[in-house]
Amino acid sequence: MSARSRSSLGRRADAAGLLVSGGNVPLTFQRTLMPRTTVDQAIVTGLSISTNQALVTLVQESIQAAALLLLRDRARKGIDRRTWSRASIAFDLGTVGAGVALQRAFRQRPREPLERAAVRTAGFWLSVSGTAGAVVGALDETLPTSRTRRRSLALLLPTAGVLAGAAEYGRRRRARLDAGLPPDESQVATAKALAFGVGVTAGTASLSALERFFADRIAEQLARVLPGDVSLWKPVGHAASLAGFVAGARFAAQQVFGRIESREEAVETAFDIAPPTPMVSGSYESLVPFETLAVQGRRFAWMVTPVDVIEQVVGEPATAQPIRVYVGLQSAPTGKERVDLALHELDRTGAFDRSYLMVVSPTGTGYVNYAAVSALEFLTRGDCATVAMQYAARPSVLSLSRVDEGREHMRLLLDGIGARLASRPVDRRPKLVLFGESLGAWTSQDPFVGCGTAGLVDAGIDHAIWIGTPHFSKWKEQVLRDERDDVDRDLVGVFNDIGEWHALDATARDRIRFVMITHHDDGVALFGPELTIQAPEWLGDPATRPSSVPKGMRWMPTTTFFQVLTDMKNSANVVPGVFAAKGHDYRADLLPFFHAVLGFKDTTAQLAAIDRWLQQRERQRSEWISDHGKVERSLSATVLQRLIDRERAAGRDPDARIIELMREVANEELAQQAAPAPTAP
């Protein structure tokens with residue numbers, strides 16, 4: 001038999017992978033946490049097919065290599081294909097038994113170690129791959145000649161179709177359990193999704209073919225210098241080629257990250273001049289240069305709530321102009337220096353004299369949820385200060401490597417604030433509120449890992465409100481699940497909505513100081529790499545699942561991973577100016593929770609007025625950024641044009657004054673460039 005045929009048993013491993021991946025296609029269409037588009041569905045289907053194909057192929061090739069290894073004595077004299085084929089089928093059947101035994105021996109338990117889950121999932125792939133390999137092998141044995149082997153591939157397609165039909169029947173049957181849910185808003189054209197999915201599969205198959213080519217060449221080279229057949233070294237070849245692909249992907253990702261960070265640090269035309277309010281960072285009086293605030297910091301500073309707006313909306317006099325302090329990554333060279341700068345800004349603005357001081361850990365780009373900050377500014381009638389520090393310049397999903405930086409920022413900042421507050425009389429200390437959203441919730445909880453709720457109490461934090469805490473937060477897991485002496489469960493509350501808060505008795509509500517708002521359908525809070533090897537608790541018994549988690553949703557290692565990954569992306573889809581309490585959108589939750597948790601006494605009418613203003617302001621901000629996105633419509637250009645119009649209306653010629661200023665600036669800068677460099681003493 002040829003070396004090519006000998007190394008693959010006529011591509012039996014590929015056929016086994018096709019059988020499994022094709023039969024799994026209907027499951028990729030099941031309803032999950034968030035609606036999907038046709039493109040989303042195509043990506044989920046394509047990646048699921050490709051991954052299942054790759055995993056089953058790898059396991060089947062390993063089974064074939066093990067069968068060949070067992071026959072190594074006869075292999076020296078030459079072994080025919082049929083002997084190897086039948087030995088592989090026997091190994092397939094043995095693998096099925098071993099896989100089933102592993103799954104039974106390592107049944108899922110509550111809060112089990114991931115190692116246990118990995119063994120069980122390995123058993124699943126062994127049993128699935130062994131079954132598929134045995135089926136394909138039986139077809140080969142039934143039709144043993146070269147011509148009929150090609151016919152066996154034709155029989156493989158109907159077999160995969162039968163499996164897919166059974167899977168589709170099961171999917172539709174389970175979908176009936178969700179009759180009580182709102183209609184699925186997914187806009188998926190099934191035919192297009194399948195066609196695009198085939199395209200995704202083709203793309204990944206091309207990469208897989210390239211990977212296989214390199215793996216084969218590596219295996220051949222190893223077989224030349226080391227004992228054993230080429231097939232024995234193919235798993236090693238795959239490992240080496242995959243390592244090369246990972247290295248290449250990492251390099252490409254670094255280039256993309258660099259471009260993203262440059263964009264986030266660039267000056268945005270809609271906010272390209274310093275705010276004229278001394279109580280915010282980046283102003284002319286500020287210690288933080290405006291150009292170092294990055295895009296999100298400049299937006300944060302400019303959107304502070306004015307005193308007259310507070311009075312107009314709530315119908316009461318405001319107490320003070322709100323304070324907003326922000327320090328960007330470019331504002332100082334090191335984390336410690338950035339923290340020192342933030343503390344000096346708090347001192348400069350008189351933040352420690354306010355009734356409330358809110359410390360915010362932003363998301364990956366440095367974004368601070370404006371609705372949360374503005375809500376506090378209304379509720380306190382302006383008698384508050386908010387401080388935030390940027391620790392990354394990428395979207396949160398790309399900033400996981402910056403969590404350590406965010407944690408260190410938060411730890412140093414809270415230590416510095418604690419020292420400032422300790423030096424003041426107790427009756428002159430502001431209430432300290434900790435707030436974080438998404439990645440910001442994780443980084444603001446991280447300093448207290450291993451300290452439980454006692455850590456927050458010792459840090460002087462009066463209240464904490466976190467929205468959309470990611471699955472990865474260790475502090476969250478410790479205080480909610482572990483039995484610890486430093487955890488007082490009465491101080492912590494986790495809520496899907498404000499109704500759950502009001503459902504508690506007054507005594508329990510009064511005890512709670514640290515609140516996590518986490519929607520049951522928030523993909524950000526539920527997604528984790530563990531989905532590849534472990535069914536999550538929220539996909540347990542359909543009868544006990546939260547109402548927004550589909551009861552017909554079933555866990556499959558690869559498919560569910562890609563589905564929830566897509567849910568995570570779609571959870572963050574929001575409409576500017578239309579607040580919702582769904583997925584990763586917590587804008588509608590912020591005002592009622594801030595009002596309830598911090599104990600304010602606004603009337604229902606006042607809260608409704610604040611909510612209307614917040615939604616209207618967000619819509620206006622979105623329109624402002626869009627309208628002023630061009631240089632000729634930038635904020636500075638708009639201000640200059642308004643000044644010119646007023647000068648002309650007053651009968652004065654603005655052109656002469658502008659020309660005079662332009663010449664003055666040009667002469668000063670040219671003079672600086674022409675000045676000789678200072679010499680060393």
Side-chain angles (χ1 to χ4, degrees), residues 27-37 39-48 50-52 108 111-112 114 117-118 121 184-186 253 363-365 367 392 394-403 406 436-446 466-477 480-481 494 496 516-540 545-574 580-586:
L27 190 64
T28 68
F29 283 82
Q30 70 178 346
R31 181 174 184 174
T32 56
L33 302 173
M34 286 284 114
R36 293 193 291 272
T37 64
V39 174
D40 291 334
Q41 185 61 58
I43 292 173
V44 169
T45 301
L47 291 178
S48 180
S50 302
T51 307
N52 290 339
Q108 187 162 352
R111 304 205 64 198
E112 66 181 359
L114 288 180
T121 303
D184 188 2
E185 298 177 359
S186 294
T363 64
T365 59
Y367 166 76
R394 310 171 196 160
S396 293
V397 71
L398 303 178
S399 297
L400 300 183
S401 62
R402 302 289 296 179
V403 170
E437 174 181 9
S438 192
L439 195 68
W442 181 7
T443 55
S444 60
Q445 292 169 5
D446 240 28
W466 293 293
I467 57 177
T469 301
H471 163 80
F472 302 97
S473 172
K474 293 182 180 179
W475 182 86
K476 175 193 68 174
E477 295 299 307
L480 297 181
R481 298 174 178 273
V494 183
N496 175 73
M516 283 177 270
I517 313 168
T518 304
H519 294 155
H520 297 316
D521 56 359
D522 183 359
V524 174
L526 299 177
F527 176 78
E530 295 90 341
L531 286 170
T532 59
I533 60 172
Q534 185 182 57
E537 292 183 5
W538 50 271
L539 278 182
R545 292 181 188 179
S547 59
S548 53
V549 177
K551 292 178 172 55
M553 185 176 174
R554 174 190 168 196
W555 178 75
M556 168 73 177
T558 51
T559 302
T560 305
F561 175 85
F562 293 124
Q563 286 172 331
V564 181
L565 179 63
T566 303
D567 289 337
M568 181 176 70
K569 173 185 74 72
N570 292 337
S571 290
N573 291 340
V574 300
K582 180 181 180 181
H584 202 54
D585 184 0
Y586 292 88

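Computed from a prediction, not measured in an experiment: that's the story for all the values here.
The salt bridge (charged side-chain N to carboxylate O under 4.0 Å, His left out) pairs that include a residue from residues 553-562 number zero, where partners must be two or more places apart or lie in different chains. Residue pairs meeting the ring-ring contact (aromatic ring centres under 6.0 Å, His included) criterion with at least one member in residues 516-537, sequence neighbours excluded: His519-Tyr586, Phe527-Phe561. For residues 556-574, every residue pair satisfying the salt bridge (charged side-chain N to carboxylate O under 4.0 Å, His left out) rule, not counting sequence neighbours, is listed here: Asp40-Lys569.
For Asp446, the side-chain contact (heavy atoms from CB on, under 4.5 Å) partners are Val403, Arg407, Trp442, Val449, not counting sequence neighbours. Tyr367 is linked by a side-chain hydrogen bond (donor to acceptor under 3.5 Å, both in side chains) to nothing, counting only residues two or more places apart in sequence or in another chain. Not counting sequence neighbours, the partners of Trp466 by the side-chain hydrogen bond (donor to acceptor under 3.5 Å, both in side chains) test are Ser444. With sequence neighbours excluded, the residues forming a side-chain contact (heavy atoms from CB on, under 4.5 Å) with Ala580 are Asp585, listed by chain and number. For Glu112, the side-chain contact (heavy atoms from CB on, under 4.5 Å) partners are Gln108, Arg109, Arg116, Ala117, Arg120, Gln534, not counting sequence neighbours. Lys476 is linked by a side-chain contact (heavy atoms from CB on, under 4.5 Å) to Gln445, Thr469, Ser473, Leu480, Met516, counting only residues two or more places apart in sequence or in another chain.
Here the shortest heavy-atom pairing between Gly583 and Asp521 reads N-OD1, 3.0 Å. Minimum heavy-atom separation, Leu33 to Gly523: CD1-CA, 4.3 Å. Pairing each heavy atom of Ala441 with each of Pro470, the nearest pair is CB-CD, 4.4 Å.
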CA sep, side-chain torsions, deciding dist, call: Met553, Val564, side chain to side chain contact (heavy atoms under 4.5 Å, CB included): CA-CA 11 Å; Met553 185 176 174; Val564 181; 4.1 Å; yes
Verdict with reasoning, Leu526 to Asp522, per side chain to side chain contact (heavy atoms under 4.5 Å, CB included): CA-CA 6 Å; Leu526 299 177; Asp522 183 359; 5.6 Å; no
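A side chain to side chain contact (heavy atoms under 4.5 Å, CB included) with Ser48 is found for one member of Leu27, Ile43, Thr560, Thr558 and no other, namely Thr558. Residue Val524 is tested with Met568, Glu437, His471 for a side chain to side chain contact (heavy atoms under 4.5 Å, CB included); the sole match is Met568.
Between the side chain of Trp555 and the backbone N or O of Leu531, at least one donor-acceptor pair lies under 3.5 Å. Arg545 places a side-chain N or O within 3.5 Å of a backbone atom of Leu539 that can act as its donor or acceptor partner. In terms of modelled atom types and a separation under 3.5 Å, the side chain of Asn570 and the main chain of Pro35 share a donor-acceptor contact. Using modelled atom types, one side-chain atom of Gln41 and one backbone atom of Thr28 make a donor-acceptor pair closer than 3.5 Å.
Considering CE of Met34 and NE2 of His584, their distance stands at 11.5 Å, rounded to 0.5 Å.
Inspection of the Gln563 and Thr559 side chains reveals no N or O donor paired with an N or O acceptor under 3.5 Å.
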